[in-house]
Amino acid sequence: MAHLLGADGIALTIGTRTLLSDVSLGLDDGDRVGVVGPNGAGKSTLLRILAGTSRPDAGRVTRVGGSTLGMLDQRDELAEDATVLDIVHGDADTHVWASDARVRQVQDGLLADIGWDFPVVKLSGGQRRRVALAALLVQDPDLLLLDEPTNHLDVEGVAWLAAHLRERYGRPGATGALVVVTHDRWFLDEVCSRMWEVRGDGTGAIDGYEGGYAAYILARAERARQSATAAEKRDNLLRKELAWLRRGAPARTSKPKFRLDAASALIDDEPPPRDSMELTRMATRRLGKDVLDLESVSVAVPGKVLFDDVTWRLGPGDRYGVVGVNGAGKTTLLALLAGRRMADSGRVKRGKTIHVRELSQDVTELDELGGLTAVEVVEQEKGRVVVDGKELTASQLTEKLGFTRERAYTPVKDLSGGERRRLQLLRLLVAEPNVLLLDEPTNDLDTDTLAAVEDLLDGWLGTLIVVSHDRYLLERVADRQVALLGDGTIRDLPGGVEEYLRLRAAAKAAGASASGTPAGASTGSGGGSARGSAGGGSTSGAAAAASGGGDEALSQRDIRAAKKEASRIERRLAKIAQKEAELHETIAQQATDYQAVARLDAELRDLASERDELEAAWLEAAEVAG
C-alpha cells in the first residue's frame, strides 16, 4: 500500500484561537477518511492545508511526486460566462472523453438532466454543485478532497456519489485516497473507512478512529467512559490531597513541599470543558384532532404541474419525511402547509388550534436582524421561556444552545453559518409551535448539533414534516416517508428511502427503454406505462405484473393468499418496531457500556435487515392483493 500524503507537526492559530497544534496525519492508497467536528473547529482549514492552498504556521505537508490532487470547496467557484461543457471538459477533444466509460458513468450519474450548452449563470444551486463535482471526478485524481460534497444534492444524488466513491477508492487493490468533510452521517457510514475528529476545544488536536460514523460514535462513547473513569479517580485523589492540606493551621506551614506540588499538579491538570449544547424540551401548544388537510389541491408553475388534484391529511402527532427530485415541489408543499402560498384549486384545511413554525433552507431571514446580537434576537421573539418547568431568560437559552457568552453578544452578521442556523432553530422553538415544518434542517450543522436536534425531535409532541436529503435524519425522526416524483402526486413510501431509490431507478430504466424502443413496440396506451413507472404504477398494473403479465385476472384464491401474507408481514413489522424501540431505550440507558452498546447495535442492524426484506415482501403482496 503506497503512501500518498503526509502532514507533520501542523500548527495554525487564527487570532487568539488555536485551530491546529502539532498535528501529524498520513494518507495511503485505499484510505477513505471522514472529517467531523464542531462548526468552526477548522475542518475546512485542514482540507485547504492538505491541498496546499493554505499554509500552516508550522509544520509541513508532503505529497508523493507525480500524484494528482483535486479539491471541491464548499462554494462552487464556476466561471459565469462558461457552459457546462467548458467547466467539465475544458478544451479536451470530444472523442477523448466520449470514449471513456468512466467519464460517461460520471456524466450519467450527475449531469443526465443538464445540457452541455447550458450556461453556468442559469444553473441552480444543486446543478452548480453537480457540475463542479463532475468536473472534479472526470479528472480522477489520486487524492480527492471534498468539502461538504452533499450540499444541495438530493437523496438520489447522494446515493450515486456514495456508490461511485466507494467503488473508485474502496475496492480491493484501489489506488488513491479520499478525504471528505460532511455532516451527512449516512454518507460517512457508506463511504468512509476511517474518521478524523477535529476537536475544536482550543487544544488543536485531531483524534483518529477506525471505521465509519457508527464505529466512530461507539469508539467515542468508549473513550468518554474511560475519560470519566480517569476523572473520577483524579477527583478522589484531589479531595484527599486538599483535605490533607487543610489539616490544622499549625501543621500547614510544615507540609512537605512534594505534597504541595502534587496538589498543584492535580489542579493544573483539570481538562478544559468541551463545548456542549443542550436542546431541552420546550412547551408545546395544545393540538386538536384537526391539523392540516390538503383537499384536491392543484398547483402549477410555468411549464410544469407540481400537484394534480392531491389529497393528503395530517393528523396530530404525524411525523413525515419528504423526499423527491429537484423541482418536484418539496418547498412549495411546505409553503402550502405554512400558508405562505395558495393552491390554484382545491383547499388547505387548517385546524383551529394549530400554530405552525417553519425552518427554511437558508438563513436570509436573519439578514435584516444583522445588527442585533443573538440574545436580542431571541428576546424579540420571547423574553422568557419555560423549559422543563423552569423559567429561562434569553441569555440562558442561548447558552443552552451552545453559544458562549462572547458569541451570544456577537452581532448576527458576524456569526458563522452553523451559529446562525442554531439561532434560527432557537427562534422557532421559543414560539412554542405545535406543527413544525423543517426544510433541509441539516444545512450548516455539525454532527453533534444534529444529534442534539434529533434528541429534541424524538420527544416532540406535535406534528412534524421534514424535507431533507439526509437519510440518517429522516430514518431517525420520521415515522413515515412520502415522495414527490414529479408526476403531480404525493406517494407514500412504506419501504422508506430505499423504495424511493428503486422507484427512481425504475423510472429511469423505463425512460431509457421508451426512448430506444419503436413506438409500435410500446405497451399500454398514451404513454401511460411511463407515468406508471415513475409513480409506482396503478393497482391493476401491479397485479398484472405479479401474475406474469398474462391477460387472465388473478384468481380470488391468489388475492386472499396475498392479503393474508400482507397481514402476517404487518404484524411482524409491528413487533420489529416495538423491539427496535426497546433496544433504542436500552442503548440510551447503557450508553457508557461499549460492549453492551456494540451488542445492541448488532441486534438493531439484524432487525433493520429483516425489516427491509419484509417491507419488500409486503410491497409484492400488496400489489397482488390490490
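Side-chain N or O atoms of Thr53 include one that pairs as donor or acceptor with a backbone N or O of Arg48 at under 3.5 Å. In this structure, the side chain of Thr182 engages the main chain of Asp184 through a donor-acceptor pair within 3.5 Å. In this structure, the side chain of Lys304 engages the main chain of Gly327 through a donor-acceptor pair within 3.5 Å. Panel note: side chain Ser609, backbone Arg605; no donor-acceptor pair is recorded below 3.5 Å. The backbone N or O of Val191 sits less than 3.5 Å from a side-chain atom of Arg32, completing a donor-acceptor pair. Asp446 places a side-chain N or O within 3.5 Å of a backbone atom of Asn39 that can act as its donor or acceptor partner. No donor-acceptor distance shorter than 3.5 angstrom exists from the side chain of Asp142 to the backbone of Gly176, with no hydrogens or angles considered. Arg130 places no side-chain N or O within 3.5 Å of a backbone atom of Leu153 that could act as its donor or acceptor partner. Using modelled atom types, no side-chain atom of Asp108 and backbone atom of Gln105 make a donor-acceptor pair closer than 3.5 Å. Within the 3.5 Å criterion, the main-chain N or O of Leu123 finds no donor-acceptor partner in the side chain of Gln127.
With respect to Glu80 and Arg128, a salt bridge is recorded, a charged nitrogen being found less than 4.0 Å from a carboxylate O. Look at Glu498 and Arg471 and you find a salt bridge, because one of the NZ, NE, NH1 or NH2 atoms lies within 4.0 Å of a carboxylate O, short of that distance. Between Asp470 and Arg185 there is a salt bridge, since a side-chain N of the basic residue sits under 4.0 Å from a carboxylate O of the acidic one. Ionic pairing of Arg102 and Asp100 is present here: one or more N-O contacts between side-chain nitrogen and carboxylate oxygen are shorter than 4.0 angstrom. Salt-bridge annotation for Asp140 and Arg168: present, with a side-chain N of the basic residue lying under 4.0 Å from a carboxylate O of the acidic one.
The side chain to side chain contact (heavy atoms under 4.5 Å, CB included) test with Val181 is passed by exactly one of Leu72, Val35, Val36: Val35. When Arg194, Glu210, Glu197 are each tested for a side chain to side chain donor-acceptor pair (under 3.5 Å) with Tyr216, only one passes: Glu197.
Inter-residue side-chain proximity for Thr45 and Ser54 is flagged as unmet; no heavy-atom pair is nearer than 4.5 Å. A 4.5 Å side-chain heavy-atom check between Leu5 and Val61 finds at least one atom pair inside the cut-off. Put simply, the side chain of Arg171 does not reach to within 4.5 Å of the side chain of Arg166, judged on heavy atoms. At a threshold of 4.5 Å between non-hydrogen side-chain atoms, the residues Asp492 and Arg480 count as touching. Inter-residue side-chain proximity for Cys192 and Tyr213 is flagged as unmet; no heavy-atom pair is nearer than 4.5 Å. Counting only heavy atoms from C-beta outward, the side chains of Val179 and Leu146 never approach each other to under 4.5 Å. Side-chain contact between Leu437 and Val356 is present, with at least one heavy-atom pair separated by less than 4.5 Å. Side-chain contact between Leu19 and Ile14 is present, with heavy atoms from C-beta onward closer than 4.5 Å.
A side-chain N or O of Thr331 and one of Asp439 form a donor-acceptor pair less than 3.5 Å apart. Using modelled atom types and a 3.5 Å distance limit, the side chains of Gln424 and Arg421 yield a donor-acceptor pair. In this structure, a donor-acceptor pair under 3.5 Å is present between the side chains of Asp201 and Thr203.
Contact record, Leu165 with Leu144: CD2-CD2, 3.7 Å, taken as the closest heavy-atom pair. The shortest non-hydrogen separation linking Ala51 to Met71 is CB-SD, 3.6 Å. Closest non-hydrogen pair, Leu415 versus Ala374, comes out as CD1-CB, 4.5 Å. Closest of all the heavy-atom pairs between Val198 and Pro38 is O-CD, 3.3 Å. Scanning all heavy atoms of the two residues, the minimum distance from Thr175 to Tyr169 falls at O-CD2, 4.1 Å. The two residues Gly486 and Ala328 have their closest heavy-atom pair at N-CB, 3.9 Å.
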* To do: Run the numbers on Asp28 and Leu4 for side chain to side chain contact (heavy atoms under 4.5 Å, CB included), then give the verdict.
  => CA-CA 5 Å; Asp28 299 328; Leu4 296 174; 5.9 Å; no
* To do: Might you work through the side chain to side chain contact (heavy atoms under 4.5 Å, CB included) test for Leu178 and Leu143, ending with a clear yes or no?
  => CA-CA 6 Å; Leu178 165 72; Leu143 284 162; over 6 Å; no
* **Verdict with supporting geometry, Tyr500 and Val325, side chain to side chain contact (heavy atoms under 4.5 Å, CB included)** => CA-CA 10 Å; Tyr500 167 73; Val325 297; 3.6 Å; yes
* Does the side chain to side chain contact (heavy atoms under 4.5 Å, CB included) test come out yes or no for Ile114 and Val131, once each step is laid out? -> CA-CA 9 Å; Ile114 307 176; Val131 168; 4.3 Å; yes
* To do: Check step by step if side-chain hydrogen bond (donor to acceptor under 3.5 Å, both in side chains) holds for His152 and Glu440.
  => CA-CA 9 Å; His152 303 296; Glu440 297 293 355; over 6 Å; no
* Asked: After noting the C-alpha distance and the side-chain angles of Gln74 and Ser44, does the key distance pass the side-chain hydrogen bond (donor to acceptor under 3.5 Å, both in side chains) rule?
  -> CA-CA 8 Å; Gln74 281 196 35; Ser44 297; 3.0 Å; yes
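Within the model, atoms CG of Leu573 and CG of Leu607 stand 11.0 Å from one another, a figure rounded to the nearest 0.5 Å. Between atom OG1 of residue Thr150 and atom CG of residue Leu161 there is a gap of 8.0 Å, rounded to the nearest 0.5 Å. Atoms CH2 and CG, on Trp196 and Leu46 in that order, are 6.5 Å from each other to the nearest 0.5 Å. One finds the CD1 atom of Ile49 at 12.0 Å from the CG atom of Leu145 (value rounded to the nearest 0.5 Å). In this structure, the separation between NE2 on His469 and CZ on Phe187 is 10.0 Å, given to the nearest 0.5 Å. Rounding to the nearest 0.5 Å places CZ of Arg504 at 4.0 Å from CD of Glu156.
Taking the six-membered ring for Trp and the full ring otherwise, Trp312 and Phe307 have centroids separated by 6.0 Å or more.
Ring planes of Trp160 and His164: parallel class, angle under 30° (limits at 30 and 60°).
Here Lys330 pairs with Val322, Asn326, Val467, Leu484 under the side-chain contact (heavy atoms from CB on, under 4.5 Å) rule; sequence neighbours left out.
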